[in-house]
Novice: 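Right, I'll just put the structure down here and ask away after.
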Amino acid sequence: MIVGDMEQKMRHAKQKVQDAIEAHHGTTLLSTGITGDDARMALAAVKAGARMIEPNHPALALARGYKGVTSMHVAEGLRHEISVDQMAEAVHGVRNVVGNDIYITVGAAGTFTEVMPTPLTEEDVIKLARAGADGLHTHKSTIEDLKDMVDIAHRYGLLIDAYIAHPSDRHLFGVPCETPKEVAETAKKMEAIGVDFVGLMTGMSYEGVEAGKIADPVKARIDALVKAVSVPTLAEGGINLDNFKAFIGTGVNIIVVGTAIDDVAREAVDRVVRTFVEHE
């Protein structure tokens, strides 16, 4: 047994997260998308101040153009085909360049609610841990599945971040809860089974919401979450440069941002290439 070793590994990982939250005055950034799958971009994010990085399998499918996918929506449908070995390689590359003080959580085949039977094995978890992961980024849709994930992750020293979704979300990235009361009840269950960080899928696609604001239904769900648990909390989905400040002061400790960074990167490439080719 390696219980003591793994408990020490998890304590160190939790301290990384707590240090990031404190360094950024209560609300830090978990940088994902291109910054999780490309070591150069991960290093750029860290040099800019990010202290948490997330590689994940749908983003890697998109980054590699797996089967010709060009949108995250399509990538979600075949994310389970990205192997754990591929994710371990991505994690290892990011770890090599960002150093040991950066928290890395990884989404891999089996950590989400997959569209095909995709078990995550002990061997898989060991590979990810040895590659340099501190945690597993999970989007399981039942407490039962999530409990299994917590047990296997903690056995090998990995923390778990897990999420609460809305039943009407386009993709089910967490345990579905419709009302703030259900959010609070589920968040407490998550903490009780050992989830280390509890997150909320925020959607942020409500019509009529003033730019830079959080829709009232989302705000109520966030409030229910942060009041229900004592572990660090996350918000993910639709967070960008226009609205991220609205999350400051809500009690959310970690905002997860990927698409907004990817969009800026694409715009930068477009601008630079056009400058070179349209030189007349």
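When a residue number appears, it is its place in the shown sequence, counting from 1. Any value given below was found using the heavy atoms of this structure, including those in side chains, with hydrogens, waters and symmetry copies removed. Computed from a predicted model, the values in this text were never measured in an experiment.
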Novice: With no hydrogens and no angle check, is any side-chain donor or acceptor of T113 less than 3.5 Å from a backbone partner on G174?
Specialist: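 Not at all, since once roles are kept as given, no pair shorter than 3.5 Å links the two residues.
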
Novice: Between T32 and I53, does the side-chain contact (heavy atoms from CB on, under 4.5 Å) criterion hold? Intermediate values first, please.
Specialist: CA-CA 6 Å; T32 185; I53 299 289; over 6 Å; no

Novice: Atom NE2 of H24 and atom CG of D19: how far apart are they, to the nearest 0.5 Å?
Specialist: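 Reported value, rounded in 0.5 Å steps: 11.0 Å.
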
Novice: Find out if a path of hydrophobic residues (ILVMFWY) with successive side-chain heavy-atom gaps under 4.5 Å connects M41 to V94.
Specialist: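 Looking at the clustering, V94 is in the same group as M41.
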
Novice: Please report whether the ring centroid of F112 lies less than 6.0 Å from that of H57.
Specialist: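 Yes: the rings meet the under 6.0 Å criterion.
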
Novice: How far does CE of M10 sit from CD of Q15, to the nearest 0.5 angstrom?
Specialist: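 Interatomic distance, M10 CE to Q15 CD, rounded to 0.5 Å: 14.5 Å.
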
Novice: T250 versus T27: any side-chain heavy-atom pair under 4.5 Å?
Specialist: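 Heavy-atom side-chain distance check fails, nothing below 4.5 Å.
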
Novice: Flag the pair V257 / L29 as yes when at least one side-chain heavy-atom distance between them is below 4.5 Å, and no otherwise.
Specialist: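 Yes. Closest side-chain heavy atoms under 4.5 Å.
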
Novice: Backbone N or O of T35 within a donor-acceptor pair of the R40 side chain at under 3.5 Å?
Specialist: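 Between the backbone of T35 and the side chain of R40 there is no qualifying donor-acceptor contact (under 3.5 Å).
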
Novice: Quickly, which of K140, H139, E236 forms a side-chain contact (heavy atoms from CB on, under 4.5 Å) with F173? Name it, please.
Specialist: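 The side-chain contact (heavy atoms from CB on, under 4.5 Å) with F173 is passed solely by H139 among K140, H139, E236.
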
Novice: Is any NZ, NE, NH1 or NH2 atom of the basic residue among K219 and D223 found under 4.0 Å from an Asp or Glu carboxylate oxygen of the other?
Specialist: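 No salt bridge links K219 with D223.
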
Novice: Should R51 and V46 be marked as a side-chain contact (heavy atoms from CB on, under 4.5 Å) after you check the CA-CA gap, both sets of side-chain angles, and the distance that decides it?
Specialist: CA-CA 6 Å; R51 298 175 70 162; V46 167; over 6 Å; no

Novice: Between I254 and V98, is there shared hydrophobic-cluster membership here, with clusters defined by ILVMFWY side-chain heavy atoms closer than 4.5 Å?
Specialist: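 In one cluster: no.
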
Novice: Is there side-chain contact between I160 and F197, with at least one heavy-atom pair below 4.5 Å?
Specialist: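 Not touching, per the 4.5 Å side-chain cut-off.
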
Novice: Please tell me if the side chains of D270 and V273 come closer than 4.5 Å, counting only heavy atoms from C-beta onward.
Specialist: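 Of all side-chain heavy-atom pairs linking V273 with D270, none is under 4.5 Å.
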
Novice: Please determine, by modelled atom types, if N56 and H137 share a side-chain donor-acceptor pair under 3.5 angstrom.
Specialist: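 H137 and N56 do not have a side-chain donor-acceptor pair below 3.5 Å.
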
Novice: Measuring only between side-chain heavy atoms, which start at C-beta, is N243 closer than 4.5 Å to I214?
Specialist: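 Answer no - side chains too far apart.
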
Novice: Quick one: CG on D148 to OG1 on T138, what's the gap to the nearest 0.5 Å?
Specialist: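 It is 12.0 Å, given to the nearest 0.5 Å.
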
Novice: Could you tell me whether the side chains of H12 and E7 share a donor-acceptor contact shorter than 3.5 Å?
Specialist: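 On atom types as modelled, these side chains do not qualify, holding no pair under 3.5 Å.
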
Novice: Would you find a donor on one side and an acceptor on the other, under 3.5 Å apart, between the side chain of E182 and the backbone of T179?
Specialist: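 Checking the backbone N and O of T179 against the side chain of E182, a donor-acceptor pair under 3.5 Å is found.
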
Novice: Please determine whether a side-chain nitrogen of the Lys or Arg among R155 and D151 lies less than 4.0 Å from a carboxylate oxygen of the Asp or Glu.
Specialist: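 Salt bridge flag = no for D151 with R155.
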
Novice: Identify whether L120 and V106 are in the same connected component of the hydrophobic contact network (ILVMFWY, side-chain heavy atoms under 4.5 Å).
Specialist: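 Result: yes, single cluster for both.
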
Novice: If you look at every heavy atom in A88 and A131, which pair is closest and at what distance?
Specialist: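 The pair with the smallest heavy-atom distance is O-CB, 3.3 Å.
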
Novice: With a 4.5 Å heavy-atom cut-off, do L158 and K9 have their side chains touching?
Specialist: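 Contact flag for L158/K9 side chains = yes.
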
Novice: Please round to the nearest 0.5 Å and tell me the distance separating atom NE2 of H154 and atom CG of L159.
Specialist: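 The CG atom of L159 is 5.5 Å from NE2 of H154, to the nearest 0.5 Å.
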
Novice: Is the closest side-chain heavy-atom distance between L234 and D161 below 4.5 Å?
Specialist: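 Yes, close enough: below the 4.5 Å cut-off.
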
Novice: So, are R95 and D134 salt-bridged, with charged N and O less than 4.0 Å apart?
Specialist: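 So R95 pairs with D134 through a salt bridge.
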
Novice: For side-chain contact (heavy atoms from CB on, under 4.5 Å), just list the numbers for V195 and V198, CA-CA rounded to whole Å, side-chain angles, deciding distance to a tenth of an Å, and then say yes or no.
Specialist: CA-CA 7 Å; V195 170; V198 180; 3.9 Å; yes

Novice: With distance as the sole test, does D262 use its side chain to make a donor-acceptor pair with the main-chain N or O of A265 at under 3.5 Å?
Specialist: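 No; judged by distance alone, with no hydrogens or angles, the pair does not exist.
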
Novice: Go through the side-chain N and O atoms of H166 and S168 and say whether any donor and acceptor fall under 3.5 Å apart.
Specialist: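 There is such a pair between these side chains.
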
Novice: Does one hydrophobic cluster hold both I104 and I21, with members joined at side-chain heavy-atom distances below 4.5 Å?
Specialist: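 No, no single cluster joins them.
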
Novice: Got a second to check how far E54's CD is from L136's CG, nearest 0.5 Å?
Specialist: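 One gets 11.0 Å once the value is rounded to the nearest 0.5 Å.
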
Novice: L60 and R64: side-chain contact (heavy atoms from CB on, under 4.5 Å), yes or no, with the steps?
Specialist: CA-CA 6 Å; L60 190 68; R64 301 294 185 268; 3.4 Å; yes

Novice: More than 12 heavy atoms of other residues, nucleotides or ligands under 6.0 Å from CD of E89: is that the case?
Specialist: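 Check fails, neighbour count at 12 or below.
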
Novice: Can you see whether T28 engages N253 through a side-chain donor-acceptor pair at a distance of less than 3.5 angstrom?
Specialist: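 Result is no, nothing qualifies.
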
Novice: Charged N to carboxylate O under 4.0 angstrom, E76 versus R79?
Specialist: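 Yes.
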
Novice: Heavy-atom count around Q8 CD within 6.0 Å, excluding the residue itself: above 12?
Specialist: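 No, the 6.0 Å shell around CD holds no more than 12 heavy atoms from other groups.
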
Novice: I'd like to know if K16 pairs up with D101 as an ion pair, taking the criterion as any Lys NZ or Arg NE/NH1/NH2 lying under 4.0 Å from an Asp or Glu carboxylate oxygen.
Specialist: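 Judged by the 4.0 Å cut-off on N to carboxylate O distance, K16 and D101 do not form a salt bridge.
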
Novice: Identify whether I248 and I222 are in the same connected component of the hydrophobic contact network (ILVMFWY, side-chain heavy atoms under 4.5 Å).
Specialist: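 No, no single cluster joins them.
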
Novice: Is any side-chain heavy atom of T105 less than 4.5 Å from a side-chain heavy atom of L30?
Specialist: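 T105 reaches L30 side chain to side chain.
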
Novice: Can you tell me how far apart OG1 (T202) and CD1 (I164) are? Round to the nearest 0.5 Å.
Specialist: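 Those atoms lie 12.5 Å apart.
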
